[in-house]
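One structure is given here, and the rest of the page talks about it.
Remember, it's 1-based here, ligands and their atoms both numbered in the order they're listed. Starting from 1, each residue takes its place in the sequence as its number. This is a predicted model, so every value here is computed, not measured. Keep in mind that the numbers below use all heavy atoms, side chains included, and drop hydrogens, waters and symmetry copies.
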Amino acid sequence: MKENIKDKVVIITGASSGLGEATALYLAQYGAIVVAVARRKDRLESLVKRIGSQGGKALAIVCDVTKREDLERVARETLKAYGRIDVLVNNAGLMAQAPLEKLKVDEWDKMIDINIKGVLYGIAAVLPTMQKQHSGHIINLSSVAGLKVAAGRGTVYSGTKFAVKAISEGLRMETAKDNIRVTTLYPGAVESELKYGSSDPEASAGIQAFYKEYEIPADSVARAIVYAIEQPEDVAINEITLRPTKQEF
Ligand code: NDP
């Protein structure tokens, strides 16, 4: 049990698979109360059941992060159930890579809505509570694609992840006075469903070959998130970049 994690109320968006699911399981093991958020109800319910059977506490809330009112409801239901919000992990995301010239404008819109607006709506839902508490921690998932652009197919996804970097940095500076910690993660290739997000057959094949060669397990990111949360209250881990050791990009 890690004392600085035990009983913390942690909302995780995108908890129905991949990094979010692994993080939920890991945090619950250390005694956090997990609020698992995503669209797929069945996946959330089986996660909550699994956490319960291991002696942990979790609540599933179905939510579409592209709808501000859904995230506001998540914050309300969390406060009703547990009385506080200690951590938000803004993790829900979509990677629909393709060359710009394929004009997959619907997928550009989806990525902007989920990866940027979803993160902002998450912040909007918890910020007033964290300011009132004079404590809180917002953890945003960017990517190594938020630090550099994969030529030929990664432009819009990178655009959304660069935006997460900018939003996190602005949030960090603005909320230091409120005793709110802000952490941005920049992971490389990690095993999850993310690699299946593109409808462009060539880009998709390229991404899947890349992941096959490089991906590391999702609990590598879960451990980094635990590390950021478990620090003493006066220490904020602002940025973590982690890659598979052999990944250059
Ligand atoms: P997954 O595809 O496995 O998980 C994405 C999660 O986001 C799912 O739980 C999905 O749940 C949820 N989600 C998608 N759209 C919405 C929506 N509109 N509303 C609510 N939830 C939504 O991918 P990862 O676990 O890999 O991705 C997690 C985060 O990590 C993303 O932000 C991604 O960009 C980032 N990342 C991942 C890397 C990797 O290599 N895996 C590397 C760098 C960053 P549901 O469909 O049930 O709603």
Side-chain angles (χ1 to χ4, degrees), residues 11-26 34-48 60-71 73-74 88-97 106-107 109-122 125 139-150 154 156-165 167-168 183-198 204 207-222 224-225 239-244 247 249:
I11 299 173
I12 304 175
T13 69
S16 59
S17 67
L19 280 49
E21 184 183 29
T23 301
L25 287 164
Y26 218 70
V34 171
V35 179
V37 169
R39 292 166 305 179
R40 284 171 293 178
K41 190 171 181 219
D42 53 331
R43 299 280 288 261
L44 292 178
E45 282 174 352
S46 64
L47 172 67
V48 164
I61 305 181
V62 173
C63 155
D64 181 340
V65 299
T66 68
K67 296 183 177 144
R68 184 177 171 200
E69 62 274 19
D70 276 23
L71 278 158
R73 177 173 45 80
V74 167
L88 167 67
V89 185
N90 254 328
N91 165 78
L94 172 70
M95 179 174 77
Q97 293 196 354
D106 284 355
E107 289 179 355
D109 284 342
K110 276 191 192 151
M111 285 191 283
I112 289 165
D113 287 348
I114 298 168
N115 301 356
I116 303 179
K117 288 175 155 184
V119 165
L120 287 169
Y121 293 159
I139 301 177
N140 294 326
L141 266 292
S142 179
S143 164
V144 291
L147 302 170
K148 52 208 262 191
V149 184
V156 181
Y157 180 66
S158 270
T160 66
K161 293 301 183 180
F162 272 70
V164 172
K165 177 176 166 58
I167 291 161
S168 294
T183 303
T184 316
L185 274 102
Y186 303 91
V190 181
E191 190 181 0
S192 75
E193 296 173 12
L194 195 78
K195 55 183 171 277
Y196 306 119
S198 173
S204 190
I207 290 160
Q208 284 177 51
F210 183 82
Y211 272 74
K212 196 168 174 204
E213 178 158 5
Y214 293 108
E215 69 183 8
I216 50 176
D219 65 359
S220 53
V221 174
I225 291 174
E239 300 197 332
I240 300 177
T241 303
L242 70 140
R243 289 181 173 85
Q247 178 186 328
F249 177 80

Please state which protein non-hydrogen atom is closest to [atom] and give its distance, to 0.1 Å?
{"atom": "atom 26 (O) of ligand 1", "answer": "Ser192 OG, 2.6 Å"}
{"atom": "atom 41 (N) of ligand 1", "answer": "Val190 O, 2.9 Å"}
{"atom": "atom 27 (O) of ligand 1", "answer": "Leu194 CD1, 3.9 Å"}
{"atom": "atom 11 (O) of ligand 1", "answer": "Ser16 OG, 2.8 Å"}
{"atom": "atom 18 (N) of ligand 1", "answer": "Asp64 OD1, 2.9 Å"}
{"atom": "atom 42 (C) of ligand 1", "answer": "Gly188 O, 3.1 Å"}

Heavy atoms only: which of Gly18, Ala145, Gly93, Ser17 is nearest to atom 4 (O) of ligand 1?
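Among Gly18, Ala145, Gly93, Ser17, the closest heavy atom to atom 4 (O) of ligand 1 comes from Ser17.
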Out of Asn91, Val89, Asn90, whose heavy atom sits nearest atom 31 (C) of ligand 1?
Asn91
Min N/O separation Ser143 to ligand 1 under 3.5 Å:
no
So is Gly146 in contact with ligand 1, going by heavy-atom distances below 4.0 Å?
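Judged by the 4.0 Å heavy-atom criterion, Gly146 does not count as contacting ligand 1.
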Compute the minimum heavy-atom distance from Tyr186 to ligand 1 and say whether it is under 4.0 Å.
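Not so, Tyr186 does not reach ligand 1.
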Would you mind running through ligand 1 and noting each atom that sits below 4.0 Å from a heavy atom of Cys63?
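Counting atoms of ligand 1 from 1, those under 4.0 Å from Cys63 are 19 (N), 20 (C).
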